[in-house]
Amino acid sequence: MSEYRFPRQDAQFVLDHIVNFSGLCAEIGHDDLASGLSDAILDEAARLGEQVLAPLNKVGDQQGAVLGEKGVEETAGFAQAYKQFAQSGWPSLVAPEAFGGQALPKVISTAVNEVWQSSNMAFALCPLLTQGAIEALLTHASDELKETYVTPLVSGEWTATMNLTEPDAGSDLAAIKSRAVPEGDHYRITGQKIFITWGDHQMADNIIHLVLARLPDAPAGVKGISLFVVPKFLVNADGSLGERNDAKAVSLEHKLGIHASPTCVMSFGDEGGAIGYLVGESHTGLACMFTMMNDARQGVGLQGLAISERAYQHARTYAQERIQGTLRDGSRVNLMKHPDVRRMLMLMKSGVEAMRALMYLASATGDQLENASENEAYALQARVDLYTPIVKGWMTELAQEVTSLGVQIHGGMGFVEETGAAQFLRDARILPIYEGTTGIQALDLVGRKTLSDEGQALTLLLQEVETELANMVLPVTLSGALERCQMGVDNAKEALAYLLANPKQAPAIGVNLMMLLGYLLGGWLMLRAAGKAQELSKQPSADTAFLMTKQQTAHFYCEHYLPRIAMHLAIINAGGESLMAIDEAQF
């Protein structure tokens, strides 16, 4: 099985030349990062990911978590890895200094999290959810709850989960039945939740569950949902851990992939009711939880990038080493010599680089938002909101193709578990499903993010892309690629106009609009990278091989992925009425 190596040079290129990291650091008052601290952070993250987490990835796939007498027992080696992870301070990167955090920019955390997710996605799901819970508590919890729960989460002493889904309520949260009854300064929580990632384990001293439930006076529907902190172990007034709460994992799901990540059925209240504490105001739980969910959605988009990178590295190594076929002179050759294998590898490579550029840019925009003036904040919030469903939806769908290509490059051996290629495909398959399916991301994009403001945020983004493309200085070899991308902007404008003119068709055309925009934004950023590579190649100390490859990869992306924009537009223009009118009897 191939080793994982963090693509340090490409990540640094994106930081420097796609998101203008030094300019961002100056803007948000973090000049120390631009002067070398970020290099040390990324180097240390790469070392931990490559040497500690990556070797456990296959072990976790083969020896997943199990439910025993003590609760869920994680894969052997994970507890030691988590201890090293927490003691090194990695959970604290972006948290406020007041709670023991380092208050670093999100874009650095995104680059670091790419390491964790590529090296061992099952492991990395645990800190991913903890980070989302920290965001939710900082935004919505009372000072008392923050004081009790945030600092141990930031230090990594405790981890956290998100408890939304129930057996009779998948994505339809209006149907949840879990109850919360007031009792003095707390509530008694009863109910069952399913699909709870890292719902139980022995790696940390405590697990903090964020649970959606209904109060006795709750109105029907999503407006009657409240959010509660429900710790695995109750916390005493002095911060020490008390007795075990009435919240337990009662079974584990047997999954297609991410075997080392325990996906639990959680039961609250088997012995009288779990003690929980209200987060925010009564009946505002969904808004509170969406803070965590939006954080997680960008994190899942990052997983799409990360698992694709890992699959690409694996397939590239195999293609370099596997001898298959002969030339006319009779000499034996490796798979790299076959044009169709190179085509598939370039689809993987260019797709990964486009995803990385968009992911880092979306994170950097979040950093700008956190440090924006009141006048700037509205537009930046709209841009972050617009990026989120595209990052989550497009990147996780593209990851299905990229990881499948990884299997295909291996040929028949890709279908054999021993080569390891199949694990990445299996692990990736959950990504378009959890934290809101692709269809839900599309509904969010066309509804909350586009129709709600009559397309203003999307129009502004398309105008910015159009202007930048018009002013790009590119080598003549990329003139055709530039024309394709400019045509893609025109296609996106046409798709937006159709949506605004036919809002009732939004549910039927949303996925195609989302995928169209993903491919377009990827092309825009790949050409930005190519333009910068052309500029840098003139410097005496330039790494000409790397910079030429950046230009060639951008050309390939535009030639092979951008034509899909026209296909998605054609489907949109065909209209959604016929799809919406299909009767169930036709199936």
Side-chain angles (χ1 to χ4, degrees), residues 1-11 13 46 49-51 54-55 57-59 61-62 114-115 118-121 257 304-356 398-428 477 481 526 529-530 533 537 543-561:
M1 187 170 183
S2 66
E3 297 180 345
Y4 166 68
R5 289 290 178 263
F6 177 48
R8 183 74 166 79
Q9 189 173 20
D10 193 66
F13 183 92
E50 294 167 2
Q51 298 179 8
N57 191 49
K58 191 175 182 67
V59 176
D61 185 56
Q62 296 175 331
E114 181 188 338
V115 177
S118 286
S119 58
N120 195 324
M121 196 170 84
L305 155 65
I307 199 72
S308 297
E309 171 66 39
R310 187 71 188 274
Y312 166 64
Q313 291 189 21
H314 199 75
R316 182 185 61 196
T317 298
Y318 186 80
Q320 290 168 337
E321 296 176 351
R322 172 67 171 171
I323 303 301
Q324 184 78 51
T326 57
L327 297 178
R328 289 184 178 180
D329 63 4
S331 59
R332 299 276 288 167
V333 297
N334 65 15
L335 286 174
M336 283 283 196
K337 296 296 190 295
H338 299 289
D340 195 55
V341 172
R342 293 201 296 272
R343 176 189 66 85
M344 290 187 287
L345 283 170
M346 281 300 291
L347 282 170
M348 297 178 80
K349 176 182 174 62
S350 63
V352 165
E353 291 188 12
M355 284 191 274
R356 180 173 294 115
L398 185 55
Q400 306 309 300
E401 179 177 350
V402 172
T403 54
S404 182
L405 285 169
V407 174
Q408 186 73 11
I409 288 168
H410 282 73
M413 295 304 293
F415 205 65
V416 176
E417 289 288 355
E418 282 75 8
T419 64
Q423 181 188 349
F424 307 126
L425 176 62
R426 288 186 288 100
D427 286 353
T477 54
M526 291 293 278
S537 66
D543 184 342
T544 53
F546 172 78
L547 296 172
M548 181 57 69
T549 298
K550 290 298 291 183
Q551 295 174 64
Q552 293 169 341
T553 305
H555 182 272
F556 185 94
Y557 178 95
C558 292
E559 293 297 313
H560 287 258
Y561 280 116

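Computed over heavy atoms, backbone and side chain alike; hydrogens, waters and symmetry mates excluded.
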(Q) One thing to verify: whether R310 and D427 come together as a salt bridge, which I'm taking to mean a side-chain N less than 4.0 angstrom from a carboxylate O. (A) no
What pair of heavy atoms forms the shortest contact from [X] to [Y], and how long is it?
X: I409; Y: L335; value: O-CD1, 3.6 Å
X: S308; Y: M355; value: OG-CE, 3.5 Å
X: G304; Y: A399; value: O-CB, 3.5 Å
X: E309; Y: E114; value: CG-OE2, 4.3 Å
X: F13; Y: A529; value: CZ-O, 3.5 Å
X: F6; Y: A11; value: CZ-CB, 3.5 Å

**Request:** Give a yes or no on whether M346 atom CE has more than 12 heavy-atom contacts from other residues, nucleotides or ligands under 6.0 Å away.
**Result:** yes
| field | Greater than 12 external heavy atoms within 6.0 Å of E50's CD | value | yes
With a 4.5 Å cut-off on side-chain heavy atoms, are [Y] and [X] touching?
X: Q552; Y: T477; result: no
X: P7; Y: E353; result: no
X: Q9; Y: F546; result: yes
X: R322; Y: M336; result: no

Which is it for M121 and N57 under the side-chain contact (heavy atoms from CB on, under 4.5 Å) test, yes or no, and what are the steps along the way? CA-CA 8 Å; M121 196 170 84; N57 191 49; 5.6 Å; no
Audit row: L398, Y561, side-chain contact (heavy atoms from CB on, under 4.5 Å) steps and yes/no | CA-CA 11 Å; L398 185 55; Y561 280 116; 3.8 Å; yes
**Item:** T419 (side chain) donor-acceptor with M413 (main chain) under 3.5 angstrom
**Value:** yes
- Task: Look at the side chain of Q400 and the backbone N and O of A428, then say whether any donor-acceptor pair between them is shorter than 3.5 Å.
- Result: yes
Rounded at 0.5 Å granularity, tell me how far [atom1] in [X] sits from [atom2] in [Y].
X: F424; Y: D61; atom1: CZ; atom2: CG; value: 9.0 Å
X: M526; Y: R356; atom1: CE; atom2: CZ; value: 10.0 Å
X: L345; Y: Q320; atom1: CG; atom2: CD; value: 8.5 Å
X: L405; Y: K349; atom1: CG; atom2: NZ; value: 15.0 Å
X: E3; Y: Q51; atom1: CD; atom2: CD; value: 9.5 Å
X: M348; Y: T403; atom1: CE; atom2: OG1; value: 7.5 Å

> Given the rule in the side-chain contact (heavy atoms from CB on, under 4.5 Å) test, do V333 and I323 qualify, once you have shown the distances and angles that lead to the verdict?
Replying inline: CA-CA 5 Å; V333 297; I323 303 301; over 6 Å; no
Quick note, ring-ring contact (aromatic ring centres under 6.0 Å, His included) partners involving residues 315-355, not counting sequence neighbours, are Y318-H410
Residues E417, Q62; criterion side-chain contact (heavy atoms from CB on, under 4.5 Å); working and verdict:
CA-CA 10 Å; E417 289 288 355; Q62 296 175 331; over 6 Å; no
Quick note, salt bridge (charged side-chain N to carboxylate O under 4.0 Å, His left out) partners involving residues 324-346, not counting sequence neighbours, are D340-R343
Sorted by chain and residue number, the ring pair (Phe, Tyr, Trp, His ring centres under 6.0 Å) partners of F415 (sequence neighbours excluded) come out as none
Exercise. What orientation do H560 and F556 show, parallel under 30°, tilted 30 to 60°, or perpendicular over 60°?
Worked result: parallel
